[in-house]
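Here the structure comes first, spelled out in structure tokens, and everything after it is commentary.
Both counts, for ligands and for their atoms, begin at 1 and track the order of listing.
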Amino acid sequence: MSKLTLDRILQTQGFGTRKWCRSLIEDGEVAVGGETVTDYRASFETDGLAFAVFGEEWLYREHVYLALNKPANYECSRKPSHHPGVLTLLPEQFTWRDVQPVGRLDHDTTGLLLMSDDGAFIHAQSSPKRHVPKLYVATTDAPVTDALVEQLLAGVQLHDEPAPLAASSCRRVEQHSIEIVLEQGKYHQVKRMLAAAGNHCLALRRTAIGKLTLDMLDLDVGEWCYLDKPELELLAPE
Ligand code: URA
């Protein structure tokens, strides 16, 4: 439990500098419990606090955990160069809060992307030691054969890796579509594994991380949602 002044609350939630937050409050743009509050020194218990800024409702969150259904042609890097960054798909408050993608998807990869401003969570989720399985569906140039599935399960050698990398599970979905589960997150790993096995990835979509699936979140392409405790629990390794 902690009590904070309203200007500090708005600042922690990404509404801008302390000075800007104070002016929002003094201008009557902020309400708590349905009542406009114009004294920025008024303090509130942050746990479960609901407030509104410019009439839009927000819930105080110490950290935010988000899922985005990433569209193609958005970059995950901090300084995007050829395409807009994924942060442009989120409310501006999240950029102020320093929300970052958890790991990266290529600019042309679509699907489930986690984002957060909790450094410990980002670190834990990205750690290779955790072995969180990630499910990808790839559209392939050449038909998916039994031999391709067997090779990916047995492991393929990528030129800058010390040892072969294997899918933890893999199955043909359709003639040109394959599901691949990876527990590592090497650079362009799915595309490079498919290339090393003699095929070519035409399109890639991540559909699950741990037991959290994109389907259960019901997000249109480009939409995001908060992840709360029940969803976060699904991200834990087995
Ligand atoms: N593997 C890839 O090749 N690209 C991604 O974006 C994710 C996994």
Side-chain angles (χ1 to χ4, degrees), residues 66-90 99-116 121-142 144 148-149 151-174 176-215 217 219 221-224 235 237:
L66 313 172
L68 171 71
N69 185 354
K70 181 189 172 294
N73 299 322
Y74 281 83
E75 289 183 25
C76 288
S77 64
R78 268 175 184 259
K79 291 195 178 136
S81 46
H82 299 295
H83 303 277
V86 285
L87 279 162
T88 62
L89 295 163
L90 308 178
V99 164
Q100 301 292 327
V102 179
R104 289 191 181 177
L105 291 176
D106 299 334
H107 80 272
D108 53 354
T109 301
T110 59
L112 183 57
L113 180 67
L114 307 180
M115 304 181 80
S116 180
F121 172 79
I122 296 176
H123 182 75
Q125 280 296 318
S126 325
S127 164
K129 292 194 195 116
R130 266 173 72 98
H131 301 290
V132 180
K134 299 183 181 80
L135 174 61
Y136 296 90
V137 181
T139 307
T140 59
D141 190 16
V144 175
L148 175 69
V149 172
Q151 269 193 81
L152 294 172
L153 287 172
V156 290
Q157 184 63 54
L158 303 183
H159 81 274
D160 54 352
E161 289 298 326
L165 294 174
S168 44
S169 74
C170 186
R171 76 176 181 97
R172 178 185 178 281
V173 181
E174 284 172 15
H176 288 267
S177 170
I178 187 169
E179 258 182 21
I180 302 174
V181 177
L182 296 182
E183 287 182 5
Q184 317 86 352
K186 309 278 181 190
Y187 182 65
H188 293 328
Q189 188 172 344
V190 174
K191 294 175 186 166
R192 288 159 71 218
M193 284 176 70
L194 284 169
N199 206 315
H200 177 67
C201 179
L202 296 178
L204 187 60
R205 179 171 162 77
R206 182 157 68 190
T207 57
I209 299 176
K211 293 201 204 75
L212 180 71
T213 68
L214 200 49
D215 279 353
L217 298 172
L219 296 173
V221 175
E223 273 187 354
W224 65 274
L235 294 171

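For ligand 1, none of its N or O atoms has an N or O atom of R104 under 3.5 Å away. Checked against a 3.5 angstrom limit, the closest N/O atoms of Y136 and ligand 1 fall outside it. Ligand 1 has a nitrogen or oxygen under 3.5 angstrom from a nitrogen or oxygen of H188.
Counting heavy atoms from C-beta on, the side chains of V102 and S126 come closer than 4.5 Å.
With hydrogens and angles ignored, the 3.5 Å screen pairs a side-chain donor or acceptor of S168 with a backbone N or O of V181. Using modelled atom types, no side-chain atom of E75 and backbone atom of K79 make a donor-acceptor pair closer than 3.5 Å. Although no hydrogens or angles enter the test, the distance criterion places no donor-acceptor pair under 3.5 Å between the side chain of D141 and the main chain of H200. Side chain of K70 to backbone of L114: no donor-acceptor contact under 3.5 angstrom is found. Within the 3.5 Å criterion, the main-chain N or O of Y187 finds a donor-acceptor partner in the side chain of R192.
Among protein heavy atoms, atom 1 (N) of ligand 1 sits closest to V190 N, 3.1 Å. Scanning the protein for heavy atoms near atom 4 (N) of ligand 1, the closest one is D106 OD2, 2.7 Å.
Counting heavy atoms under 4.0 Å from ligand 1, residue L182 does not touch it at all.
Interface of T109 with ligand 1, defined as ligand atoms under 4.0 Å from a residue heavy atom, comprises 4 (N), 5 (C), 6 (O).
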